Amino acid sequence: MTLSVSRRMAAVTALAVAGLLASAAPAATASPAAAVAAPDIPIANVKAHLSQLQTIATNNGGNRAHGRAGYKASIDYVKAKLDAAGFTTSLQTFTSSGATGYNLIADWPGGDPNSVLMAGAHLDSVSSGAGINDNGSGSAAVLETALAVSRAQLQPTKHLRFGWWGAEELGLVGSKHYVNQLPAAERSKFSGYLNFDMIGSPNPGYFVYDDDPAIEKTFKDYFAGIGVPTEIETEGDGRSDHASFKNVGIPVGGLFTGASRTKSAAQAQKWGGTSGQAFDRCYHSSCDTTTNINDTALDRNSDAIAHAVWTLGTETPVPPGDVYENTADVAIPDNGAAVTSTVTVAGRTGNAPAALKVGVDIKHTWRGDLVVDLLAPDGTAYRLKSSSSSDSADNVIATYTVNASAEAANGAWKLRVQDVAAQDIGKIDSWKLTF
Ligand code: TRP
Ligand code: ZN
Ligand code: CA
C-alpha cells in the first residue's frame, strides 16, 4: 500500500512535468489522498508494541496505572515512536487523586485545520495488571495506524490528530480534561472522534458503537467487506473516553471486542469462541497480559481503524456552517405537557438544507421518558427521538440529521420535548441548528 501511494504520486508528478495535466495537476494535488485505499496494518507491529507495554509493566511493579512509573514509561514509549515519524506531539498534564496524569496528543501536519479527525485510546491500565487488552490493544493499534499515516506520507483533506488518554480507569479523567480545556471554537472544528478501548479480547465479539451514523457506517462497511458480522456495542455506553467528546457535542464512534459480559450461544455461532464465557475473562485482573489477546480480533480491528482514518480523513470536509442556538434552560414537566424552545433563523435565502444538523442537549434522569421533535417554521414536525421504557440512560446529548429541504430556512424553529412517563425529570439545556 505504501508503494502504490508513492507510485500514484510519482505518476501525477510525471504527467504534470510532461504538461499533460496542465490545469488538472493542481486539482489532483489538492486532494491527493482521495483515491488511496487504507494500508493493511501489520499485526506483527501492533503486537511488538504490546510486548513493549508488557515489558514496561513487568519492570514497573506489574502495571501501567495512573500515577505509577509504568504509566509515564508507556507515554514515553509511544511519544518517541511518534516523534521519530514526524508527528508534532505534546504532553498534557493534569492532576487526579494527588498524582500527575498525562495525555499525549499527536498532530499529523497538514489537512484542513477547521476539520479535525481524531482517533484515541486510553493508555493507562488498572493497578491489578499490565492492561494489555485493556487498553494496550487500542493504544497499540492507534499508534500503528498513526505510524502507517507517516509511512504513507498521507495527505489527508482533514487534519489528523491522535490521542492517548491518562486515568481513564479513574473515570475518564484525562479525556475529560482534554475536552474541557478546548475552547468552544476548537470543539466545533472536530468532524469526529474515534475511540478504541479493548479491541483484542481473547474470546472476541465485534462491536461497533451506535453513535454518529456516518462513523458507524464506515466501520460496518469495513467489517461487511471482510465478511465479519458486527453487533451494536451495548456493554456500557459512556464507559470510555468517547463519552467525554460526545458530552460536548462532538460526533463519536468506535470499536470494542467485549469485557466481562458473557458471550451468548448465538454470538459464539457467528464469531466462534466459547459461549457461556466472558469476552475477556482477565478484564481488570492480573492475567491481562500479552497472552490475553486474540490476534485475529486485534488484526481486524487494527485494519478497521486504518480504514476509518483513511476514509473519513480523506473525504471532503463539510464547511462548518452557520449555527443558530438557544441556550436558555426550559424545564420539562414530569409526565406532562410538551414544552418548546425557539431558535429564530433570519436573513437566509431559499430552503433549509437536506442535511440540517440539529444539536440537542437535554439533561434528564431517564431519557426513555422523552419524545423529541423538531418543528419547522410552518409547524411540520420531524421526529428526532421516540420514547422507550427500556432506554434507562440519562440525558439526550446528540446531533440529529434532518432532511429539511422542503422547509423555508427563515422563521421560528422549535425543539419540542414531552416527558410521557412519571418520576424522572429534566430540562432542555440548549439546542442548535447548523445550516
Ligand atoms: N472502558 C472500560 C474499562 O476500561 C471497558 C469497557 C466496558 C468499555 N464497557 C465498554 C469500553 C464499552 C468501550 C465500550 O474498564
Ligand atoms: Zn479498564
Ligand atoms: Ca418522567
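Every number for a ligand or one of its atoms is a count from 1 in the order of the listing. Throughout, numbering of the chain's residues begins at 1 and tracks the sequence. Note that the coordinates shown come from a computational prediction; the quantities given were computed from them, not determined experimentally.
Tested against Phe207 for a ring pair (Phe, Tyr, Trp, His ring centres under 6.0 Å), the candidates Phe223, Phe219, Trp271 yield a single pass: Trp271.
Under a 4.0 Å criterion applied to the non-hydrogen atoms of His284, ligand 1 contributes the atoms 3 (C), 4 (O), 15 (O). Counting the atoms of ligand 1 from 1 in the order shown, those under 4.0 Å from a heavy atom of Gly236 are 12 (C).
With a heavy-atom cut-off of 4.0 Å, Asp134 touches ligand 1 through its side chain alone.
Heavy-atom separations between His122 and ligand 1 include at least one value shorter than 4.0 Å.
Among protein heavy atoms, atom 14 (C) of ligand 1 sits closest to Glu233 CD, 3.8 Å. Nearest protein heavy-atom neighbour of atom 13 (C) of ligand 1: Tyr209 OH, 3.5 Å. Remark: minimum distance from atom 8 (C) of ligand 1 to any protein heavy atom is reached at Phe256 CE1, 3.5 Å. Distance from atom 10 (C) of ligand 1 to its nearest protein heavy atom, with residue and atom name: Glu235 O, 3.3 Å. For atom 1 (N) of ligand 1, the closest heavy atom belonging to the protein is Asp197 OD2, 2.6 Å.
Annotation: cation-pi pair Lys385/Tyr400 absent, no NZ/CZ under 6.0 Å from the ring centroid and within 45° of its normal.
The Zn ion (ligand 2) lies closest to atom OD2 when only the N/O/S atoms of Asp134 are considered.
Ring pair Phe245/Trp165: centre-to-centre distance below 6.0 Å.
Around the Zn ion (ligand 2), the two atoms NE2 of His284 and OE1 of Glu169 are separated by an angle of 80°, to 10 degrees.
Atom CG of Asp369 and atom CG of Asp419 lie 4.5 Å apart (nearest 0.5 Å).
Residues Val339 and Pro333 meet the side-chain proximity criterion, which asks for heavy atoms closer than 4.5 Å. The shortest side-chain heavy-atom distance between Ile199 and Ile305 falls under the 4.5 Å cut-off. With a 4.5 Å cut-off on side-chain heavy atoms, His66 and Ser96 count as touching.
Close N/O approach between Tyr283 and ligand 1 is found [any backbone or side-chain N/O within under 3.5 Å]. Any N or O atom pair closer than 3.5 Å counts here, and Glu168 shares at least one such pair with ligand 1.
The nearest non-hydrogen atom to atom 4 (O) of ligand 1, considering only Arg261, Glu169, Met198, comes from Glu169.
No salt bridge links Asp112 with Lys158; every basic N to acidic carboxylate O contact stays at or beyond 4.0 Å.
Side-chain atoms of His122 and Asp134 form a donor-acceptor pair, as typed in the model, at a separation below 3.5 Å.
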